[in-house]
Amino acid sequence: MSKNKDFLRTIVEEDLKSGKYKEVVTRFPPEPNGFPHIGHAKSICINFGIADDYQGHCNLRMDDTNPTTEDTQYVEALKDAVEWLGFDWGENVKFTSDYFPKLYDYAVELIKMGEAYVDSLSEDEIREYRGTVTQAGKRSKYADRSVEENLDLFQRMKKGEFKDGEHVLRAKIDMSAANMKMRDPLLYRIRHAHHFRAGDEWAIYPMYDFAHCLSDYIEGVSHSICTLEFENNRDIYDWVLDTLGLKSARPHQHEFARLGINYTVMSKRKLLELVNSEKVSGWDDPRMPTIAGYRRRGYTPESIINFCDQIGVAKANSMVDVAQLEFCIRDDLNTKVPRVLAVLDPLKVTIQNYEGTEEIDAPYYPHDVPKEGSRKIPFSREIYIERDDFIENPPKDYFRLTPDQAVRLRHGYIITCKEVIKDPDGNIAEIKAEYHPDSKSGHDTSGIKVKSAIQWVSAKEAKTVEVRLYDRLFKDEAPEGLEDINPDSLRVIKNALIEPAVITEKPDERFQFERLGYFYADPLDYTDEKPVFNKIVGLKDSWAKKTKSTQSVPKPQVKKVQVDGEEASMDEVQQALFDMYTSELKLNAEVANILARDEHLSSFYKETLSLLNSPVSLANIVVNEVARELKEKQVDELNFSAAQIAELVKMIDDGTISSKIAKQIFEEMVQTGANPTQIVEDKGLVQISEPSKISPIIDEVIAKNPDNVAKFKAGNTKLLGFFVGQVLKTTGGKANPKVVNELVAEKLK
RNA sequence: UGGGGAUUCGCCAAGUGGUAAGGCACUAGCUUUUGGUGCUAGCAUUCAUAGGUUCGAAUCCUAUAUCCCCAUCCA
């Protein structure tokens, strides 16, 4: 974990190292208005995972500030999910509603500071006054109310003297802010509604932007991690805490990309729609991407956590392939779960030369799973095999039973087809077969070679079970809504057959039905009289893939076309400057272009030019290095002067330093404002150009990396850069790169 | 359209001036009494595009393109 950590952990580590926080405190802050889904699992893994990794703590906090949508059934679901995933939130679950009194006090404080006011505009007016993304808004006439009036009004709002919507409390920030969120955001609204925890005590409820940052602060949260859509809210987050003067180790917000998985939907609204429209059986329908759904389906917490680890954390919107999740559950179950024989679509086989019965001893686990355990499988004259496992006219590469091809009954004997019995419609009704007595698994002396072993059950002893075959809920890779539902997402097989030990011995609740997939005894509907198994996931099936791929047409991969826009044209002054740069000073067009278009840059350049007559070198450093600093700062805020830049360039020009060192010195100048010559002197950064000094270092590097020398000699010329880099590194960047390049190339010839 | 983010293989994702990690998917071969598993090998001369700086650029500079978020009294 020390290597390749995600950007959040990098931030946490830096903050810990710098002493910004003594301890890491995170929180998982869901709103209890829906069941948690696998996207929440990602957030849970991040927040609790980071806390675990750095010996900190993670709170589970219900963000229950909207009484009209929230409910206690959802807080139970949330707790279940976190617990099931194996995380510990400590003593108590936290609730934002517990902080309502404190939050109220903070609001009063803000009013007293003149930073918040009671607005009495209607909802529509507020929207109108807010302006648009391109137009500034205008402030409400109520914004001028006195502190006393605001205090009085706010207190009466709290007491319930006004109707819903009559007044709101707003922060007084900036109605023309480019960030729409900062246009006097609402802090409190009146809601005469029953809160599932706070009851009827409050007539006003805080808004997310006010409650969240303060709740984090109250709980001593250090890193407030949320999803990308809250990036714009960060300004309010900081404003509230800063304005209230909440300084000591106050929390900071960091955003990551939420999880998207193809062939599924993740928004609470769409999930609720699925439940309400009864397209699924409930929040825990095994096809749902809810944690309850995966759990009911048979997924393990380990597999979900592993999935969250594998997909990583970053800031780019992404859509993870559902195959990645399926891999995780297969991978987990492979080493854990007993293998048993089941037949979903039975075809009767009568073994004509077999009399009586016997019990075959068979291990539950294959040779590559180091677990103990076995059961007896009854064998008799009448058995069932999978309908798929016999074909009269097989395609090439078909390994199973055919009129001419024998097959092994898994753990049992090899059988040969003797006769195919058909019903009046021409469907295969039964196979008459013969077994080879000397071919029993483990004691095979028959010498018969078969290409595969198939699952089977004994007709008399097999148990009938219900099997629910689940497939992806949506047929579309990026489903919009209910219209994209996969009509075959659930297939119920009422009369599947299974070997008796599964039912009588119950060795586990999850199984691999050999050659079919992983299955889970449904935790709700399973009874001894009527066992029910859910399909968790199929096995990888390269045969099915092969047969399918011959039919499906490869979809054309459309390469995206790059559209190139045009650069805005220059005005007259810029054009004149550009011409002067290119013709008189011999700057290249690109550099001249950048300089001419930027007034600050060109004037800075002019100043340096008056001190040193080296137009090209100066232009390069101004355009490529100084420009970066000037992006965020004004000229007078800069730590360095034009004269110092001229000084720096002079040293490059006369060969005192290399341009690599120049960049290093420039960084130093940006930080400390020190003089370049002084830096060179202090750190002894004078360039080393004598081959006699460089040569031994190269020899050393070459001696240390025999592998790479061989690779280079084999034709990997990219490695030249590697050697040059190594030499430069050992000299602290001081070696003249040109000389090093030549020398290395020569030595490696 | 203003502001804020993002862009590295089919899908995720490391990398922050010196050899383009890893996982999934895919393709071969070996192993196998599961067409499973395991093992081995192959999968980016190139990092959205075009220029520039540099001995050397995914990384620094400039411009352009594309996608996502923001105008709920939701969170």
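Only this structure's heavy atoms are used, side chains among them; waters, hydrogens and symmetry mates stay out. Every chain is numbered from 1, with letters handed out A, B, ... down the list of sequences. Quantities reported herein were computed from a predicted structural model and do not represent experimental measurements.
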**Student:** With a 3.5 Å cut-off and no angle check, do the side chains of A:N736 and A:S658 form a donor-acceptor pair?
**Tutor:**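 Looking only at side-chain atoms, A:S658 and A:N736 do not form any donor-acceptor pair under 3.5 Å.
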**Student:** Using a 4.0 Å heavy-atom cut-off, does A:L719 contact any base of the nucleic acid, only the sugar-phosphate backbone, or nothing at all?
**Tutor:**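 The residue A:L719 makes base contact.
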**Student:** Donor-acceptor pair under 3.5 Å: do we get one between A:S659's side chain and the base of B:U54?
**Tutor:** no
**Student:** Looking for any heavy atom pair under 4.0 Å, which part of the strands does A:L409 touch: base, sugar-phosphate only, or nothing?
**Tutor:**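 No contact.
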**Student:** Please enumerate all residues that pass side chain to side chain donor-acceptor pair (under 3.5 Å) together with A:D235, with sequence neighbours excluded.
**Tutor:** A:N179
**Student:** Mind checking if A:V313 touches a base, just sugar-phosphate, or nothing, with heavy atoms under 4.0 Å?
**Tutor:**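 Sugar-phosphate, no base atom in range.
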**Student:** Would you mind classifying the nucleic acid contact of A:R628 as base, sugar-phosphate or nothing, using non-hydrogen atoms under 4.0 angstrom?
**Tutor:**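 Here A:R628 touches the backbone only, sparing every base.
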**Student:** Between N or O atoms, less than 3.5 Å apart, protein on one side and nucleotides 27-29 of chain B on the other: list the pairs.
**Tutor:**
none

**Student:** For nucleotides 67-75 of chain B, just jot down a letter per nucleotide in 5' to 3' order: B, S or -, based on protein non-hydrogen atoms under 4.0 Å.
**Tutor:** -SBSBSBSB
**Student:** Please report the interatomic distance CG(A:D216) to CZ(A:R27), rounded to the nearest 0.5 Å.
**Tutor:**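 Output value for this atom pair is 5.0 Å.
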**Student:** Determine if the base of B:U72 is syn or anti; take syn to mean the glycosidic torsion is within 90° of 0.
**Tutor:** syn
**Student:** For A:D598, answer base if it contacts any base atom (sugar-phosphate contacts may also be present), sugar-phosphate if it contacts only those atoms, and nothing otherwise; contact means non-hydrogen atoms under 4.0 Å.
**Tutor:** nothing
**Student:** Does A:E566 make a side-chain donor-acceptor contact with the base of B:U64, cut-off 3.5 Å?
**Tutor:** no
**Student:** So which of A:E386, A:H411, A:R339 actually passes side-chain hydrogen bond (donor to acceptor under 3.5 Å, both in side chains) with A:Q455?
**Tutor:** A:E386
**Student:** When you compare the side chains of A:Q253 and A:Y237, does any donor N or O come within less than 3.5 Å of an acceptor on the partner?
**Tutor:**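 On atom types as modelled, these side chains do not qualify, holding no pair under 3.5 Å.
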**Student:** Categorize A:K631 for me: base, sugar-phosphate, or nothing, with a 4.0 angstrom heavy-atom threshold over every strand shown.
**Tutor:**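 Counting heavy atoms under 4.0 Å across all strands, the contact made by A:K631 is with sugar-phosphate only.
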**Student:** Select from A:N741 and A:Q324 the residue whose nearest nucleotide in RNA chain B is closer to the 5' end of that strand.
**Tutor:** A:Q324
**Student:** What contact category does A:K729 fall into here, base, sugar-phosphate, or nothing, at under 4.0 angstrom with non-hydrogen atoms?
**Tutor:**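 Counting heavy atoms under 4.0 Å across all strands, no contact is made by A:K729.
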**Student:** According to the 5.5 Å centroid and 30° plane-angle thresholds, does A:F722 stack upon the nucleobase of B:G18?
**Tutor:** no
**Student:** For a quick check of understanding: with a heavy-atom distance under 4.0 Å over all strands, which category does A:E255 fall into, base, sugar-phosphate or nothing?
**Tutor:** nothing
**Student:** Can you find a donor-acceptor N/O pair under 3.5 angstrom joining the side chain of A:R408 to the base of B:U33?
**Tutor:**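 Answer is yes: a donor-acceptor pair is held.
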**Student:** May I ask you to say what A:K451 touches in the nucleic acid, namely base, sugar-phosphate or nothing, with a heavy-atom cut-off under 4.0 Å?
**Tutor:**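 Nothing: the residue A:K451, judged by heavy atoms under 4.0 Å, touches no strand.
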**Student:** Dump the pairs, protein N or O against N or O of nucleotides 39-41 of chain B, anything under 3.5 Å, distances to one decimal.
**Tutor:**
none

**Student:** Within residues 616-627 of chain A, which residues have any heavy atom lying less than 4.0 Å from an atom of RNA chain B?
**Tutor:** A:N620, A:V623, A:N624
**Student:** What is the nucleic acid contact for A:G565, judged by heavy atoms within less than 4.0 Å: base, sugar-phosphate only, or nothing?
**Tutor:** sugar-phosphate
**Student:** Could one point to a donor on the side chain of A:R400 or the base of B:G35 with an acceptor on the other under 3.5 Å away?
**Tutor:** yes
**Student:** Is there a side-chain contact between A:P32 and A:L78 (heavy atoms, below 4.5 Å)?
**Tutor:**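 They are in side-chain contact.
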**Student:** Between B:U34, B:A25, B:G35, which nucleotide has the shortest distance from any of its atoms to the side chain of A:F327?
**Tutor:**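 For the A:F327 side chain, the nearest candidate turns out to be B:A25.
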**Student:** The side chain of A:K540 is closest to which nucleotide in this list: B:G35, B:A25, B:C60?
**Tutor:** B:A25
**Student:** Measuring from the side chain of A:A316 (C-beta onward, heavy atoms only), which nucleotide among B:A6, B:C12, B:G2 has the closest atom?
**Tutor:**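 Closest nucleotide to the A:A316 side chain: B:A6.
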**Student:** If you look only at distance, which donor and acceptor atoms sit under 3.5 Å apart when one is on a side chain in residues 315-324 of chain A and the other is two or more places apart or in another chain?
**Tutor:**
from, atom 1, to, atom 2, distance (Å)
A:K315, NZ, A:E231, OE2, 3.4
A:D321, OD1, A:A323, N, 3.1
A:Q324, NE2, A:Q310, OE1, 2.8

**Student:** Pick out the pairs of N or O atoms, protein on one side and nucleotides 44-47 of chain B on the other, that lie under 3.5 Å.
**Tutor:**
from, atom 1, to, atom 2, distance (Å)
B:U46, O4, A:K718, NZ, 2.9

**Student:** Between A:K440 and A:D564, just flag the one whose closest nucleotide in RNA chain B comes earlier from the 5' side.
**Tutor:** A:K440
**Student:** Picking from B:A65, B:U37, B:G35, which would you name as closest to the side chain of A:N334?
**Tutor:** B:U37
**Student:** Contact class for A:G517 (heavy atom, under 4.0 Å): base, sugar-phosphate, or nothing?
**Tutor:**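 Contact class for A:G517: none.
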**Student:** Under the 3.5 Å rule, do the base of B:G51 and the side chain of A:E590 count as making a donor-acceptor pair?
**Tutor:** yes
**Student:** Applying side chain to side chain donor-acceptor pair (under 3.5 Å), name anything that partners A:R183, two or more places apart in sequence or on another chain.
**Tutor:**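 With neighbours one apart ignored, the set is empty.
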**Student:** What nucleic acid atoms does A:E567 come within less than 4.0 Å of, heavy atoms only: base, sugar-phosphate, or nothing?
**Tutor:**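 Touches sugar-phosphate only.
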**Student:** What is the separation between atom CG on A:D444 and atom P on B:U33, rounded to the nearest whole Å?
**Tutor:** 11 Å
**Student:** Could you tell me whether A:V724 contacts a base, only the sugar-phosphate backbone, or nothing, with contacts defined as non-hydrogen atoms closer than 4.0 Å?
**Tutor:** base
**Student:** For A:S176, which residues count as a side chain to side chain donor-acceptor pair (under 3.5 Å) partner, sequence neighbours excluded?
**Tutor:** A:D174
**Student:** Which dot-bracket string fits RNA chain B when only Watson-Crick or G-U wobble pairs with both atom distances under 3.5 Å count, crossing pairs get [ ], and | stands for a partner on a different strand?
**Tutor:** .(((((((.[[[..)..(...]]].(((((.......))))).....[[[[[..)....]]]]])))))).....
**Student:** Applying a 4.0 Å non-hydrogen cut-off, can you work out what A:L539 is touching in the nucleic acid: base, sugar-phosphate, or nothing?
**Tutor:** base
**Student:** Taking side chain to side chain donor-acceptor pair (under 3.5 Å) as the test, write out the residues that go with A:D332, two or more places apart.
**Tutor:**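 With sequence neighbours excluded, A:D332 shows a side chain to side chain donor-acceptor pair (under 3.5 Å) to A:T300, A:K336, given in chain and number order.
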**Student:** Go through B:G18, B:U62, B:C12 for me and flag the one nearest to the A:I311 side chain.
**Tutor:** B:C12
**Student:** Going by the side-chain hydrogen bond (donor to acceptor under 3.5 Å, both in side chains) test, which pairs reach into residues 709-719 of chain A, not counting sequence neighbours?
**Tutor:** none
